[in-house]
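Notes follow the structure.
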Amino acid sequence: MPELAEVDFFRKRWNPGLGHKIERVFLHENSGVFKTSDPKLIARHLTGAMLLSSEAAAKQMLFRVSSDGWLGIHLGMTGELAVQPAGYAPRKHDHLVLVQKKQSLVFSDFRMFGRVQFSVGPTAPDWWSDIAPPVLSKLFTIGAVAVFLLRRARAPIKAVLLMQERFPGIGNWMADEILWRAAIHPKRLAGSLTAGEIESLHRETRWVADHALRIIGAAKTDTFPDPPKTWLFRHRWENGGKCPKTGALLVRETIGGRTTCWSPARQKLR
DNA sequence: TCCTATGTTGTATG
DNA sequence: ACATACAACATAGG
């Protein structure tokens with residue numbers, strides 16, 4: 001599920017726990033989500049610590065914990081964060097539960113493509129500071145995009161948009177949304193885009209990220225809302241779905257190993 | 001039974 | 001060394 005905006009939505013679900021002590025920690029020690037970290041160390045360090053703050057970058061979340069603890073969570077394909085009332089009994093797919101006096105903070109992920117990372121130290125660990133600059137930052141320039149597309153010249157633009165080292169936080173649905181708005185066919189080779197198309201791609205990447213963060217990421221609702229029907233998002237999965245801009249039939253096909261939806265009426269190959 | 005799934009990574013190939 | 005393509009990871013639901 002989670003891309004840029006959904007990750008930020010889930011991050012905020014743990015807000016009620018910020019500034020509060022972690023009384024106990026529950027985790028599945030041999031869960032796949034701890035592949036790159038030591039669950040025993042995590043449990044030992046978090047127990048009795050204070051949950052200080054949180055932030056999101058790309059598809060990662062970072063939770064600062066007292067005594068220089070850095071807790072990172074990646075939601076993978078099916079990960080979620082939730083708050084449960086005090087006394088919550090962990091369930092089968094709950095991999096990490098921070099038990100506090102007033103609530104439990106739960107990370108669950110049934111497919112286990114998610115990851116928990118943990119480091120101790122005065123400065124941010126590499127797995128956090130190495131994340132590429134946000135697409136909404138000043139560092140995400142048209143020039144930087146152009147250079148990257150040239151280096152990936154022979155790959156379809158759809159696949160290139162999914163590369164986190166230049167498009168952090170962009171996932172399958174956002175990539176399709178961006179290409180649809182920029183009127184670029186997903187199969188076009190990255191190196192074949194004109195200067196004007198690169199400019200559109202850059203602009204629409206920022207537009208989609210900005211609006212997704214405002215609609216989904218900033219939602220105060222229980223579950224995150226879908227974007228409006230004017231977005232491709234709302235039509236990409238329905239059979240016989242129509243392009244909200246042209247009314248023409250949408251098409252779905254696997255490109256770059258991922259199901260891709262586009263509107264042939266406005267996204268031409270040539 | 002077979003296919004799909006809003007993600008990443010290791011490995012083979014060019 | 002570098003870029004690209006694709007299987008694999010694990011599970012549920014149609």
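Quantities reported herein were computed from a predicted structural model and do not represent experimental measurements. Numbers restart at 1 for each chain; the letters A, B, ... are given by sequence-line order, proteins then strands.
- Base pairing analysis places C/dA1 opposite nothing; no Watson-Crick or G-U wobble pair with both distances below 3.5 Å involves it.
- Residue contacts shown for A/Gly257 are absent, as no nucleic acid heavy atom lies under 4.0 Å away.
- Checking side-chain atoms of A/Trp14 against main-chain N and O of A/Ala82 turns up a donor-acceptor pair under 3.5 Å.
- To the nearest whole angstrom, the two P atoms, one in B/dT11 and one in C/dA10, are 15 Å apart.
- Taking the side chain as every heavy atom from C-beta outward, A/Glu177 and A/Glu204 never approach each other to under 4.5 Å.
- Summarising the geometry, the separation between CZ on A/Arg236 and P on B/dT4 is reported as 15 Å, rounded to the nearest angstrom.
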Quick tally for nucleotides 9-14 of chain B: nucleotides whose base has a protein heavy atom under 4.0 Å get B, sugar-phosphate-only ones S, the rest -, giving ------
For nucleotides 12-14 of chain C, tabulate all protein N/O to nucleotide N/O atom pairs closer than 3.5 Å, reporting atom names and distance.
residue	atom	partner	partner atom	Å
C/dA12	OP1	A/Lys92	NZ	3.3
C/dA12	OP1	A/His93	NE2	3.2

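- Judged by distance alone, the side chains of A/Ser108 and A/His93 never bring a donor and an acceptor atom under 3.5 Å apart.
- A/Val120 and A/Ile22 fall within the same hydrophobic cluster, defined by Ile, Leu, Val, Met, Phe, Trp and Tyr side-chain heavy atoms under 4.5 Å apart, directly or through other members.
- With rounding to the nearest 0.5 Å, the separation of OG1 in A/Thr254 from NZ in A/Lys158 is 9.0 Å.
- C/dT4 atom P lies 18 Å from atom CZ of A/Arg258, rounded to whole Å.
- Of all heavy-atom pairs between A/Ile216 and A/Phe9, the closest is O-CD1, 3.4 Å.
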I would like to know whether A/Trp128 and A/Glu55 meet side-chain contact (heavy atoms from CB on, under 4.5 Å); could you show each step before the answer? CA-CA 11 Å; A/Trp128 180 255; A/Glu55 49 191 309; 3.6 Å; yes
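- Between the P atom of C/dT11 and the NE2 atom of A/His28 lies a distance of 11 Å, rounded to the nearest Å.
- Checking C/dA10 for Watson-Crick or G-U wobble geometry (two distances, each under 3.5 Å) identifies no partner in any strand.
- Atom P of nucleotide B/dT8 and atom CG of A/Leu4 are separated by 12 Å, given to the nearest angstrom.
- At distances below 3.5 Å, at least one donor-acceptor pair connects side-chain atoms of A/Gln267 with backbone N or O atoms of A/Ile184.
- Within residues 140-178 of chain A, the residues approached by DNA chain C to less than 4.0 Å at the level of any non-hydrogen atom are A/Arg151, A/Arg152, A/Ala153, A/Arg154, A/Ala155, A/Pro156, in residue-number order.
- Judged by distance alone, with hydrogens and angles left aside, the side-chain atoms of A/His45 form no donor-acceptor pair with the main-chain N or O of A/Asp68 at under 3.5 Å.
- Going from atom CH2 of A/Trp237 over to atom C1' of B/dT4 covers 8 Å, rounded to whole Å.
- Between A/Ile73 atom CD1 and B/dG7 atom C1' there is a gap of 16 Å when expressed in whole angstrom units.
- Heavy atoms of A/Met112 sit under 4.0 angstrom from primed sugar atoms or phosphate atoms, though from no base atom.
- Separating the CG atom in A/Leu201 from the CD1 atom in A/Ile157 is a distance of 5.0 Å, to the nearest 0.5 Å.
- Put simply, A/Phe113 does not rest on the base of B/dT8: the two rings are not both less than 5.5 Å apart at their centres and under 30° in tilt.
- Mapping A/Arg111 and A/His74 onto DNA chain B by nearest heavy atom places A/Arg111 at the nucleotide closer to the 5' end.
- Following rounding to the nearest Å, A/Ile131 (CD1) and B/dT8 (P) show an atom-to-atom distance of 11 Å.
- A/Phe10 and A/Leu98 fall within the same hydrophobic cluster, defined by Ile, Leu, Val, Met, Phe, Trp and Tyr side-chain heavy atoms under 4.5 Å apart, directly or through other members.
- Between the C1' atom of B/dT8 and the CZ atom of A/Arg115 lies a distance of 8 Å, rounded to the nearest Å.
- Side-chain atoms of A/Leu213 and A/Asp8, non-hydrogen and from C-beta on, do get closer than 4.5 Å to each other.
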